[in-house]
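Report on one structure; see the data block that follows.
Along the sequence shown, residues are numbered consecutively beginning with 1.
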Amino acid sequence: MDWTRVDVPVATRAPTGQTAAYLVGQSLLIDPAAGSDTLDALTSRVEHIAVTHHHPDHVGGVADYAAETGATVWARAGRTAAFEQATGVAPDRTFREGETILTREGAVRVLDTPGHAPEHVAFEVDDAIVSGDLAVAAGSVVVGAPEGDMRAYLTSLRRLVARSPDRLLPGHGPRIDDPEQTCRRLLAHRLDRERRVRAAVVDGAATLDEILDAAYEKDLSGVRDLARATVRAHLEKLAVEGALAWDGERVVPA
């Protein structure tokens, strides 16, 4: 099934300053981040609109394109209220894991891939997966508490490795032609950060900021809030697994 990518300039913390919208065939529009002349020229036959997740840099154009095309707007079942709050549009239909959106060109399968956001999904288009903010070709994806779930994120990465697609079509940065290698790199990165968090706790760090300062060696200017949320997500994961006790303020080693 053919797909077309349009990079749309949008307010985002991603270093690209853009979010990729995808047109599957001529029927399904995924992640219309904002209005774009290029995107406008391609959407005259759009019949369906869906998003990978509800972050503002992925949904800003949903209301306008829904109004312009009259397309059926889809949302993750169980997340419709959050979808409407984020987009200003009540969804027409919902999907769940494993269900399909039937387009003129064929069926697009929905995959649950939570972690970066609780409602995060991906869309399987033949041998490619529109993967939103699950993976990036370089660097890493923010998985920050309270919305981000590190356990779920690692599971989603492992799930993609098991599915072994030919390529990933991400929301930011270039196309990923080595999905397994990229997902394994991201898994290794997260587990390395987890080891640093655990080591900081063993060495006596007890508060979130103490652990943050010990677990990161690089300059966090401009991204300290994101790094802090990431460390919190690691602590929540480790607490669930019984590796430490975390009450939201202080950590106690197990």
>> Please give me the minimum heavy-atom distance between E119 and H53, naming the atom from each residue.
In response: OE2-CB, 3.4 Å

> When you check the gap from the basic side-chain N to the acidic O, do R224 and D213 get nearer than 4.0 Å?
Replying inline: yes

> How many angstroms lie between OG1 in T87 and CG in D64, if you round to the nearest 0.5 Å?
Replying inline: 11.0 Å

>> How close do A50 and P32 get, counting heavy atoms only, and between which atoms?
In response: O-CD, 4.1 Å

>> Between D149 and R151 (side chain of the first, backbone of the second, donor and acceptor by atom type, cut-off under 3.5 Å), is there such a pair?
In response: yes

>> By the side-chain hydrogen bond (donor to acceptor under 3.5 Å, both in side chains) test, which pairs, at least two apart or in different chains, include something from residues 161-173?
In response: D57-H172, H58-H172, E124-R163, D127-R167, D133-H172

> In terms of side-chain heavy atoms, does H55 have a donor or acceptor partner in E147 at a distance below 3.5 Å?
Replying inline: yes

> With respect to T52, which candidate in H120, R76, H116 satisfies the side-chain contact (heavy atoms from CB on, under 4.5 Å) definition?
Replying inline: H120

> Are any side-chain N or O atoms of R185 and backbone N or O atoms of G139, one a donor and one an acceptor, separated by less than 3.5 Å?
Replying inline: yes

> Which atom pair, heavy atoms only, marks the closest approach of V8 to G35?
Replying inline: CG1-O, 4.1 Å

> Hey, mind stepping through V161 and R184 against side-chain contact (heavy atoms from CB on, under 4.5 Å) and telling me if it holds?
Replying inline: CA-CA 8 Å; V161 170; R184 291 191 185 281; 3.3 Å; yes

> Is any side-chain heavy atom of R198 closer than 4.5 Å to a side-chain heavy atom of V251?
Replying inline: no

>> Taking the basic N atoms (NZ, or NE/NH1/NH2) and the acidic carboxylate oxygens, is any pair closer than 4.0 Å for R13 and D225?
In response: yes

>> Please evaluate residues V223 and V142 with respect to the criterion side-chain contact (heavy atoms from CB on, under 4.5 Å), reporting the C-alpha separation (whole Å), side-chain torsions for both, the decisive distance (0.1 Å), and the verdict.
In response: CA-CA 10 Å; V223 295; V142 174; over 6 Å; no

>> With a sphere of 6.0 Å drawn around CD of Q181, does it hold more than 12 non-hydrogen atoms of other residues, nucleotides or ligands?
In response: no

> When rounded to the nearest 0.5 angstrom, what distance separates CZ in R45 from OG1 in T103?
Replying inline: 11.0 Å

>> Using every non-hydrogen atom in the two residues, find where V136 and I176 come nearest and quote the distance to one decimal.
In response: C-CD1, 3.7 Å

> Are D192 and R196 side-chain neighbours, meaning at least one heavy-atom pair lies under 4.5 Å?
Replying inline: yes

>> Quick one, E99 and T94 - any side-chain contact, counting heavy atoms below 4.5 Å?
In response: no

>> In the structure I gave you, are the side-chain heavy atoms of Y153 and V141 within less than 4.5 Å of one another anywhere?
In response: yes

> Side chains of D209 and T207: donor-acceptor distance under 3.5 Å anywhere?
Replying inline: no

> Taking everything shown except D247 itself, do over 12 heavy atoms lie less than 6.0 Å from its CG?
Replying inline: yes

> So how far is it from I211 CD1 to L235 CG, rounded to the nearest 0.5 Å?
Replying inline: 4.5 Å

> Which pair of heavy atoms, one from R232 and one from A145, lies closest together, and at what distance?
Replying inline: CG-CB, 3.6 Å

> Ignoring hydrogens and geometry, is there a side-chain-to-backbone donor-acceptor pair from Y22 to P170 under 3.5 Å?
Replying inline: yes

> Can you tell me how far NE2 of H48 sits from CZ of R93, rounded to the nearest 0.5 angstrom?
Replying inline: 8.0 Å

> Would a 4.5 Å heavy-atom cut-off, applied to side chains only, mark V62 and F83 as touching?
Replying inline: yes

> What are the two closest heavy atoms between T12 and Q18, and how far apart are they?
Replying inline: CG2-N, 3.8 Å

>> Before you tell me yes or no, could you show the steps for L23 and V6 under side-chain contact (heavy atoms from CB on, under 4.5 Å), namely the whole-Å CA-CA distance, both residues' side-chain angles and the distance that decides it to 0.1 Å?
In response: CA-CA 8 Å; L23 186 64; V6 177; over 6 Å; no

> Can L238 and E194 be said to form a side-chain contact (heavy atoms from CB on, under 4.5 Å), step by step?
Replying inline: CA-CA 8 Å; L238 291 168; E194 179 178 298; 3.7 Å; yes

> Should L134 and L157 count as side-chain neighbours, where that means a heavy-atom distance under 4.5 Å?
Replying inline: yes

> With side chains defined as the heavy atoms from C-beta onward, is the minimum distance between F123 and I101 less than 4.5 Å?
Replying inline: yes

>> Check for me, please, whether V240 and L244 land in the same ILVMFWY cluster - side-chain distances under 4.5 Å, paths through other members count.
In response: no

> Just wondering, do V108 and F95 contact through their side chains at under 4.5 Å, heavy atoms?
Replying inline: no

